[in-house]
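Just below is one structure, and these are the notes that go with it.
Counting from 1, the numbers follow the sequence of the chain as shown.
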Amino acid sequence: MNTVFKELSFLGLREQDKITPPHIVSEHILRDQYTFADFYKRENDEQYVIDDLYLEARIQEANNKADRKNSIPWREDRSRFDEVYIYFNYQNNTTTTLTHRDSVTKKPKGELLSRMKLWLKEKQDAYKKLVNNYNHCINNHKNIKLLPISFYIEKDYSDTQLISEHIKELVNAFSAMLNTLKGREVYSCFVSYSRVILLDANNRPYLHIIFYYQTKDKDISDFFIRDMTREWCKACKQNVHVNYMAFNSLFAEMANDDEQEEWEQGLCRNQDNSVYHFSVSACHVLFPFRTVEPIQLVPIKSHPKSTQMQLEQIPKALLSRHYEELSYYHEKEFSLFVKEVKQKNNYHLYYLEQVAKQYTKIPMINNITSGLFSYKNKKKENNATR
């Protein structure tokens with residue numbers, strides 16, 4: 001399980017891919033794991049557009065020629081007739097017809113090749129940054145575990161020209177929330193975090209935070225999910241969504257939540273009596289960003305045992321659905337990897353790679369940051385300044 005970004009080898013974007021036996025991976029497998037968004041600026045144009053590099057590669061291969069340098073990228077606007085899609089290029093009024101079965105099978109050419117090489121390098125750099133912080137944690141602390149959480153604000157982020165403003169709103173809210181959490185002694189088991197700005201399928205920004213914490217025996221409860229969700233709601237001062245990644249089992253429910261009824265309804269009440277709504281879901285760490293629907297936890301619609309059963313079915317689905325992935329490993333090795341998911345180094349690195357696959361470099365934005373998450377005893381700090 002050592003080859004990072006192995007699925008892209010057939011595209012020949014790296015030197016090492018020249019000696020890798022090519023195995024063409026279909027579009028639905030790649031889109032299950034990667035985001036192909038790329039910020040693109042044409043010459044003499046001040047604004048960026050978000051391009052889909054896989055779509056560009058499909059069209060290039062279908063047309064059997066190099067891409068249009070500094071032209072308008074092929075847009076998502078399309079007409080559908082049964083399983084045929086027609087893509088329009090608005091600069092020269094040309095069209096390309098593709099079927100749902102068309103996949104990229106060849107190395108890209110021209111400017112597109114250069115762009116895809118840079119696109120992959122940015123993901124590789126993101127992976128290195130994530131691994132560096134992870135290694136720092138495990139070298140300085142024992143029994144490190146991951147708690148990855150995605151934080152969303154429930155509003156329309158569809159205007160790409162306002163992405164930087166939306167990101168600023170997300171980052172400011174996270175800083176406010178983190179400052180609050182650091183003052184609570186219950187968070188003394190947390191040691192660090194990595195913050196990554198990602199784009200969803202509609203190119204809307206959200207925060208993905210990988211928290212690192214320590215436990216010796218018993219794992220933490222869902223208290224931290226509840227507490228962070230409420231504080232995220234208060235920091236954003238609007239409706240929010242939170243999605244966390246589970247390692248084979250959901251967190252045990254905390255005991256004696258004074259706001260249990262409001263939690264089940266997805267309500268957060270502030271001190272000024274303003275009320276915001278939130279929703280909470282969970283994904284399996286093997287399917288963190290894939291097309292498998294997250295398991296809805298709040299507002300509560302099903303019994304906790306039912307949601308746990310849904311989570312346990314996900315590894316089985318991975319084995320039965322994604323046959324192409326088996327081609328990279330011996331079947332027995334792959335089966336064991338999928339069935340024995342634990343908070344261990346190989347699964348941690350696997351997960352960090354999945355995050356890097358989703359990474360998109362956003363111009364003039366620091367997408368990845370890491371920091372310490374240590375409990376600050378404010379009483380002691382106040383006494384020290386007297």
Side-chain angles (χ1 to χ4, degrees), residues 3-79 84-128 160-161 163 199 201 203 324 356-365 367:
T3 306
V4 181
F5 307 123
K6 58 192 175 297
E7 302 86 359
L8 301 176
S9 297
F10 74 98
L11 294 174
L13 303 179
R14 301 167 292 186
E15 286 297 319
Q16 68 193 58
D17 296 335
K18 295 179 180 179
I19 59 174
T20 303
H23 174 79
I24 297 172
V25 181
S26 66
E27 179 175 4
H28 81 275
I29 291 290
L30 290 178
R31 289 198 184 276
D32 246 1
Q33 301 183 45
Y34 291 85
T35 177
F36 287 89
D38 180 59
F39 284 78
Y40 183 64
K41 182 189 286 187
R42 301 183 304 278
E43 289 182 358
N44 303 319
D45 195 335
E46 295 181 357
Q47 295 183 339
Y48 285 91
V49 293
I50 301 180
D51 197 2
D52 184 324
L53 292 182
Y54 192 91
L55 176 58
E56 286 288 316
R58 287 181 66 190
I59 292 173
Q60 182 185 94
E61 188 167 326
N63 291 333
N64 194 29
K65 61 182 180 180
D67 56 316
R68 309 151 311 285
K69 189 172 184 179
N70 296 315
S71 69
I72 297 176
W74 295 82
R75 309 302 297 164
E76 283 296 318
D77 299 353
R78 61 195 183 189
S79 301
V84 176
Y85 298 84
I86 302 176
Y87 294 86
F88 299 88
N89 181 288
Y90 295 105
Q91 178 162 320
N92 52 23
N93 295 319
T94 58
T95 63
T96 295
T97 302
L98 301 172
T99 73
H100 75 293
R101 293 180 295 274
D102 288 328
S103 293
V104 178
T105 63
K106 300 177 182 178
K107 183 176 181 177
K109 304 175 184 178
E111 184 192 21
L112 181 58
L113 175 60
S114 299
R115 291 173 60 195
M116 291 196 76
K117 284 184 175 181
L118 179 59
W119 168 84
L120 179 55
K121 183 181 183 302
E122 290 168 348
K123 292 183 186 298
Q124 291 175 313
D125 292 343
Y127 178 69
K128 290 178 183 177
T160 58
Q161 306 308 323
I163 279 183
L199 301 176
N203 295 323
E324 291 181 63
K357 289 176 180 179
Q358 292 294 311
Y359 178 83
T360 297
K361 181 69 181 77
I362 303 174
M364 297 173 288
I365 296 293
N367 288 49

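Listed here is the closest heavy atom pair of Phe10 and Ile24: CG-CA, 3.9 Å. The two residues Ile50 and Asn203 make their nearest non-hydrogen contact at CG2-ND2, 3.6 Å. The two residues Lys107 and Gly12 make their nearest non-hydrogen contact at CE-O, 3.3 Å. Heavy atoms only, all atoms of each residue included: Val104 and Tyr54 are closest at N-OH, 2.9 Å.
The side-chain heavy atoms of Ile362 and Leu199, taken from C-beta on, include a pair separated by under 4.5 Å. Phe36 places none of its side-chain heavy atoms less than 4.5 Å from the side chain of Leu55. Side-chain contact between Val4 and Gln124 is absent, with no heavy-atom pair separated by less than 4.5 Å. Between Pro108 and Leu13 there is a side-chain heavy-atom pair separated by less than 4.5 Å.
The CD atom of Glu27 lies 11.0 Å from the CG atom of Asp32; values are rounded to the nearest 0.5 Å. Here the CG-CD distance, from Leu30 to Glu7, works out to 7.0 Å after rounding to the nearest 0.5 Å. With rounding to the nearest 0.5 Å, the separation of CD in Gln33 from CG in Leu8 is 9.0 Å. In this structure, the separation between CG on Leu53 and CG on Leu11 is 10.5 Å, given to the nearest 0.5 Å.
Ring orientation note: the planes of Tyr48 and Phe39 are nearly perpendicular, at an angle over 60° on the 30°/60° scale.
Under the 4.0 Å criterion applied to side-chain N and carboxylate O atoms, Arg115 and Asp51 are assigned as salt-bridge partners. Salt bridge status for Arg31 with Asp52: present, with a side-chain N to carboxylate O gap under 4.0 Å.
For the ring-ring contact (aromatic ring centres under 6.0 Å, His included) test, no residue two or more places apart in sequence or in another chain qualifies with Phe5. Evaluation of the side-chain hydrogen bond (donor to acceptor under 3.5 Å, both in side chains) rule for Lys361 yields no partner, not counting sequence neighbours. Remark: Lys121 pairs with Asp125 by the salt bridge (Lys or Arg N to Asp or Glu O under 4.0 Å) rule, at least two apart or across chains.
At least one donor-acceptor pair under 3.5 Å links the side chain of Glu61 to the backbone N or O of Lys106.
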